[in-house]
Trainee: 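I have a structure here, written as structure tokens, and I will follow up with some questions on it.
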Amino acid sequence: MSTNFRPSDLVPAGFVAERITHIDDETCILLSRAGATASCPACGRMSRTVRSRYCRQVADLPLSGRRVRLLVRTRRFTCDAVLCGRQIFAERFGDVLPPYARRTGRLEHLVHHLALALGGRPAARFAQRLMLPVSNDTLLRVIRRQGSPPSIPPSVIGIDDWAWQRNHRYGTIVCDLERRRPIRLLPDREPATAEAWLRGNPQIQIIARDRGGAYGLAAAKALPDAVQVADRWHLMENASRAFLDAVRKSMRQIRKTLGATRVNPKLLTAAERLQYQGYLRREQTNAVIMAFAKDGATIKEIVRRTGHSRGLVRQVLRGQRNDVFRSRESSLENYLGWLDAQWAAGKRNATELWRRLRIQGFRGSRRVVSEWATRRKRADKADAETLNRIPSARTIARLLTTNRDNPTKSETVTIAAIEGGVPLLIKARDIIADFHRMIRRKAENELAPWIDRARESLVASFANGVAKDIQAVRAAIVSPWSNGQTEGQITKLKLVRRQMYGRGKLDLLQARLIGAT
Ligand SMILES: [Zn+2]
């Protein structure tokens, strides 16, 4: 199929291409408007009286790898209407070529989206490759000029803070939860700022926000009739954190439960012996520090006199450094001395060692010996560290909650020991699990009894917090709205900010975030 090519097909609709010339890597197209009339911008009356002409120069989309400059022949008309104040007007080209614009509407659109997607400097570099003649400053100006698309006044919002600089400076983001888009960035997270913005939006009916904190107060002051919804995700997180705190509080008991075995250093393998020596050293250090503390020495003094770090001294004084040493019971215990000697003499074949052990009366299987040999090899690599350690509070919290389905053998032993030895912690775990379930199943009627039960447990302070914010928590259980998507928008915001190398001003950031969605 063949089509007749007309130069006018290259230029915006409604124009006629009169002449095309190439100068270096630029294509110049001389244009004029088809049609003999134009309407007066002041009164709307059509006029056909051309008074003069001039030429506008504007940039357009690139063509075959060349930049394009349009020379638009523009007519000045005389308005014939008797009462019109405007006597002379230049013809207008609508969105195709707005008055005073230096780029066609279609180029401006492209430039705007390029700037939204990439930000100023990267977009300028990319634009150069695309033969779009725009500078970094122009791109930023375009973003500012185009501004944010007008948004419909929201009635359901999510509000949360985000970090300009971590732990240093924060801003606030407001999202329209119904339309799933960010609508406003505020320069800080002060209650007064949020309150002022909320007052300007009295149509808002539902406010999803983080639990407690400033936004709740601001919303209560500005829009007392709006329903506040505590954020479900944060509620779940806070509950999990409360359990982790309970585990931390119980660590002393957990250690006692997990490490009840006494140790005979003679029976240890070389690796275990190394570890045991470390353990003894630590115990000794602990005893020295505790003795100083008993005499009434301050932390500073103890640091000075023992030479240990301040962190370590504090850990010991808080009782967070009572580790326990355990070794595995083994049928090999009576033969360890002989095995060590053989090993030292270079006889390291596990099968051979096992045969000779059997002659000495060892009843165990070959596997026991080969496992010993493997451990021994590891010890030779001085990898003594990982043997028989008490898991961290975080690990224990995970073992007791999320990781319960597929525990390894040693994890099962750990869990069983804790379940037997620290019943209060297990009770706290079940209370937190019930809380999660209640939120997930939207079982609002369980909330009051749950609070009563939790207040008597290791997670009492979390329960008290929930009780203090009970309206919003109840709303979080029954309401379909949640701040979850606001979190997603914050992630997007961080991405945009990173592209701006952290230098973005709030209005630019807002234009890019809101314009891009
Ligand atoms: Zn007129």
Side-chain angles (χ1 to χ4, degrees), residues 4-21 23 26-63 66-116 127 131-135 137-153 183 200 203 507-508 510-511 514-515:
N4 286 332
F5 171 76
R6 294 170 305 156
S8 300
D9 293 341
L10 300 174
V11 297
F15 287 92
V16 179
E18 295 182 1
R19 196 179 67 221
I20 300 182
T21 45
I23 305 165
E26 192 175 63
T27 299
C28 292
I29 307 178
L30 182 66
L31 298 182
S32 61
R33 182 68 150 189
T37 58
S39 79
C40 167
C43 67
R45 188 187 169 104
M46 299 302 278
S47 168
R48 24 175 83 243
T49 320
V50 177
R51 192 187 152 102
S52 61
R53 289 188 170 80
Y54 68 101
C55 212
R56 270 179 76 180
Q57 290 200 26
V58 292
D60 194 23
L61 299 180
L63 185 64
R66 291 160 171 276
R67 292 201 303 271
V68 170
R69 188 148 50 99
L70 301 182
L71 306 172
V72 185
R73 248 205 253 268
T74 311
R75 295 166 291 184
R76 284 199 187 89
F77 286 85
T78 311
C79 181
D80 301 327
V82 180
L83 292 178
C84 180
R86 194 79 170 258
Q87 290 181 337
I88 296 169
F89 65 91
E91 62 181 323
R92 307 258 166 135
F93 306 114
D95 292 339
V96 173
L97 182 52
Y100 307 107
R102 299 175 62 191
R103 277 173 290 277
T104 55
R106 61 189 191 178
L107 176 59
E108 176 96 352
H109 185 72
L110 203 66
V111 165
H112 181 215
H113 278 273
L114 200 60
L116 285 180
M131 304 306 275
L132 304 176
V134 279
S135 69
D137 288 341
T138 307
L139 283 157
L140 298 183
R141 212 158 38 232
V142 169
I143 292 184
R144 286 208 163 98
R145 183 166 58 228
Q146 300 281 335
S148 317
S151 61
I152 308 157
I183 50 172
Q203 78 287 350
D507 63 336
L508 265 181
Q510 174 165 299
I514 295 170

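In this text, all values refer to a predicted model and were calculated from it rather than measured experimentally. In listed order, ligands and their atoms are each counted from 1.
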Trainee: Kindly assign one of parallel, tilted or perpendicular to the pair Phe89 and Phe77, based on the angle between their ring planes and the thresholds 30° and 60°.
Mentor: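 Correct class here is parallel.
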Trainee: Let's test this: below 2.8 Å, count the protein N/O/S atoms around the Zn ion (ligand 1).
Mentor: 4
Trainee: Under 3.5 Å, is there a donor-acceptor pair between the side chain of Ser47 and the main chain of Thr78?
Mentor: yes
Trainee: Between the main-chain N or O of Leu30 and the side-chain N or O of Glu18, is there a donor-acceptor pair closer than 3.5 Å?
Mentor: no
Trainee: Show the nearest heavy-atom pair for residues Arg56 and Tyr100, with the distance to one decimal.
Mentor: NH2-N, 3.5 Å
Trainee: Which atom names give the shortest non-hydrogen contact between Arg67 and Met131, and what distance separates them?
Mentor: CG-O, 3.5 Å
Trainee: Side chains of Val58 and Arg103: closer than 4.5 Å at any heavy-atom pair?
Mentor: no
